[in-house]
Trainee: 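Mind having a look at this structure? Questions to follow.
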There are 2 protein chains.
Amino acid sequence: MRLLIVEDDATLGERLRARLLREGYAVDLAADGIDGGHLGATEPYDAVVLDLGLPGKPGLAVLREWRAAGNEVPVLILTARDGWAERVEGLQAGADDYLGKPFHEEELLARLQALLRRAAPVRALEMRAGEWRLDEARQCLVADDGHEQTLTATEFRLLRYLMRHPDEVLSKTRLSEHVYDYDAERESNVIEVYVRRLRSLLGAERIETRRGQGYVFRSRS
Amino acid sequence: MRLLIVEDDATLGERLRARLLREGYAVDLAADGIDGGHLGATEPYDAVVLDLGLPGKPGLAVLREWRAAGNEVPVLILTARDGWAERVEGLQAGADDYLGKPFHEEELLARLQALLRRAAPVRALEMRAGEWRLDEARQCLVADDGHEQTLTATEFRLLRYLMRHPDEVLSKTRLSEHVYDYDAERESNVIEVYVRRLRSLLGAERIETRRGQGYVFRSRS
DNA sequence: GCCCGCTTTCAGCGTCGTTTCAGGCTCGAC
DNA sequence: GTCGAGCCTGAAACGACGCTGAAAGCGGGC
């Protein structure tokens with residue numbers, strides 16, 4: 001899962017970014033409306049946190065442009081002003097959720113997770129692979145017998161994305177776009193290496209290779 | 001499915017080409033309006049991605065020439081300028097869809113797929129062959145009883161093209177033009193070989209031979 | 001500053017998809 | 001019936017792609 005934060009307050013932005021990174025997301029941070037609007041239009045994010053009071057270009061204008069271009073990425077709006085009117089305006093511009101400053105990081109997290117879940121295909125309520133269940137909060141695998149298997153950050157990000165798109169051919173490009181943040185565009189075989197590790201954890205049959213096309217994750221064999 | 005990209009930005013063009021290849025299309029790339037216009041006029045594409053800001057000849061002129069010549073290939077226009085006026089002008093010149101730069105690769109893909117689906121003569125919601133259904137997301141065959149049969153990249157491309165043109169005589173030349181790229185000048189019997197493999201998967205009666213003319217795909221016997 | 005674990009790179013190897021080829025078969029024309 | 005072109009078939013060669021294990025690179029924590 002790859003997120004974009006558009007926030008001009010550098011302190012707040014960095015704090016959020018750090019937190020979300022720790023939660024296992026790939027995160028890009030933009031400090032103004034121009035950058036943010038451009039990134040959101042060209043990179044495939046799974047959700048966006050958008051501040052309304054931005055230099056360069058107002059947050060609402062950025063959002064309206066995305067929506068006009070048919071970009072339906074889930075957007076959570078963030079603003080100091082939390083009056084009734086702003087909220088309505090934000091939602092009308094195409095926002096999916098709204099959070100007034102100041103706020104608890106925990107609440108932001110919860111709302112983001114809700115957005116991501118809502119956008120995911122309906123079928124995946126629980127993310128499973130055979131006897132294993134992915135615990136998102138703790139970033140680890142839990143077996144039905146209670147046994148635990150910890151994951152590294154990258155293993156977790158890749159596995160979560162695979163699990164959210166089961167039974168679908170996912171190209172290595174697409175995977176690396178969603179596992180890494182902006183500077184990505186890798187000509188390397190990192191994805192192959194991590195696929196190998198996930199296979200050794202979950203069983204090789206969970207991740208099929210489609211030669212020349214990508215990988216397919218199977219929650220049931 | 002065979003696509004043409006007319007795009008002067010070499011980086012963007014190559015990136016798109018690579019992506020679309022990976023998605024299982026055969027892709028030709030032209031860097032200016034002259035080449036692009038010529039290719040589009042002489043080769044049988046299933047869809048075209050056309051940049052408007054081209055050296056040599058303006059994209060809109062290219063499009064107008066195709067349309068004037070009766071070429072009705074689906075065209076998706078791509079442009080940096082995304083003003084209201086350009087959009088109208090593009091659509092009036094005969095474009096089928098319009099995407100402003102910058103854009104998501106994912107969105108371009110989705111729109112292309114929509115165009116290709118819309119353009120298919122008999123818009124079969126599902127592509128079937130007897131008990132089999134072709135699942136595009138998974139690039140595999142699914143039987144009514146849930147059993148799956150995976151396809152290689154080439155098998156998938158050929159079968160998809162056959163299924164999109166059922167009950168129609170398709171010459172080997174035409175098939176190979178749509179399964180492979182432009183420069184692929186084949187004097188070989190690859191198509192015969194792949195037809196054989198599809199027959200062994202779907203049942204020989206699905207693909208009839210018309211001696212000296214080509215093949216006919218039958219979704220129902 | 002040093003250590004440790006995570007991440008990334010790399011090269012060699014094996015596998016699989018693709019293509020070629022040769023021989024045999026079938027169909028249609030005469 | 002004969003002939004030839006076009007098509008089918010099985011196997012084998014080729015090359016690209018993915019797999020693998022090890023080692024280097026990197027960064028955070030102590």
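Residue numbers begin at 1 in each chain, while the letters A, B, ... track the order of the sequences.
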Trainee: Between the side-chain atoms of A/Arg211 and the base atoms of C/dG17, is any donor-acceptor pair under 3.5 Å?
Mentor: no
Trainee: Under 4.0 Å: is that the gap between some side-chain N or O of B/Tyr180 and OP1 or OP2 of C/dT19?
Mentor: yes
Trainee: So for atom CD, which belongs to A/Glu72, do other residues, nucleotides or ligands contribute more than 12 heavy atoms lying within a distance under 6.0 Å?
Mentor: no
Trainee: If you pin B/Lys172 and B/Arg196 to their nearest nucleotides in DNA chain D, which one's is more 5'?
Mentor: B/Lys172
Trainee: Please state how far atom CD in A/Glu192 lies from atom C1' in C/dG12, giving the value in whole angstrom units.
Mentor: 14 Å
Trainee: Would you please confirm or rule out a distance under 4.0 Å between OP1 or OP2 of D/dC19 and any side-chain N or O of A/Arg199?
Mentor: yes
Trainee: Can you work out whether B/Gly212 or A/Tyr215 has the more 5'-proximal nearest nucleotide on DNA chain D?
Mentor: B/Gly212
Trainee: May I have the distance from B/Tyr194 (atom OH) to D/dT9 (atom P), rounded to whole angstrom?
Mentor: 16 Å
Trainee: With heavy atoms under 4.0 Å as the rule, sort B/Phe156 into base, sugar-phosphate or nothing.
Mentor: nothing
Trainee: Relative to the ring of B/His178, is the ring of B/His165 parallel (under 30°), tilted (30 to 60°) or perpendicular (over 60°)?
Mentor: tilted
Trainee: Using C1' atoms of five pairs at each end, report the bend of the helix from C/dG1-D/dC30 to C/dC30-D/dG1 rounded to 10 degrees.
Mentor: 30°
Trainee: Do B/Glu148 and B/Arg133 meet the salt-bridge criterion of a basic N to acidic O distance under 4.0 Å?
Mentor: no
Trainee: Compare all side-chain heavy atoms of A/Glu23 with those of A/Leu109 and state whether any distance is below 4.5 angstrom.
Mentor: yes
Trainee: Is there side-chain contact between B/Val179 and B/Tyr194, with heavy atoms separated by less than 4.5 Å?
Mentor: no
Trainee: B/Val193 near the nucleic acid: base, sugar-phosphate alone, or nothing, with a heavy-atom cut-off under 4.0 Å?
Mentor: base
Trainee: When you check the phosphate oxygens OP1 and OP2 of D/dC7, does a side-chain N or O of B/Thr209 lie under 4.0 Å from one of them?
Mentor: no
Trainee: It should be established whether B/Ser188 places a side-chain nitrogen or oxygen under 4.0 Å from OP1 or OP2 of nucleotide C/dT20.
Mentor: yes
Trainee: Test A/Arg17 against every option in A/Asp181, A/Asp28, A/Asp9 by the salt bridge (Lys or Arg N to Asp or Glu O under 4.0 Å) rule and name the one that passes.
Mentor: A/Asp181
Trainee: Between A/Tyr215 and A/Val195, is there a side-chain heavy-atom distance shorter than 4.5 Å?
Mentor: yes
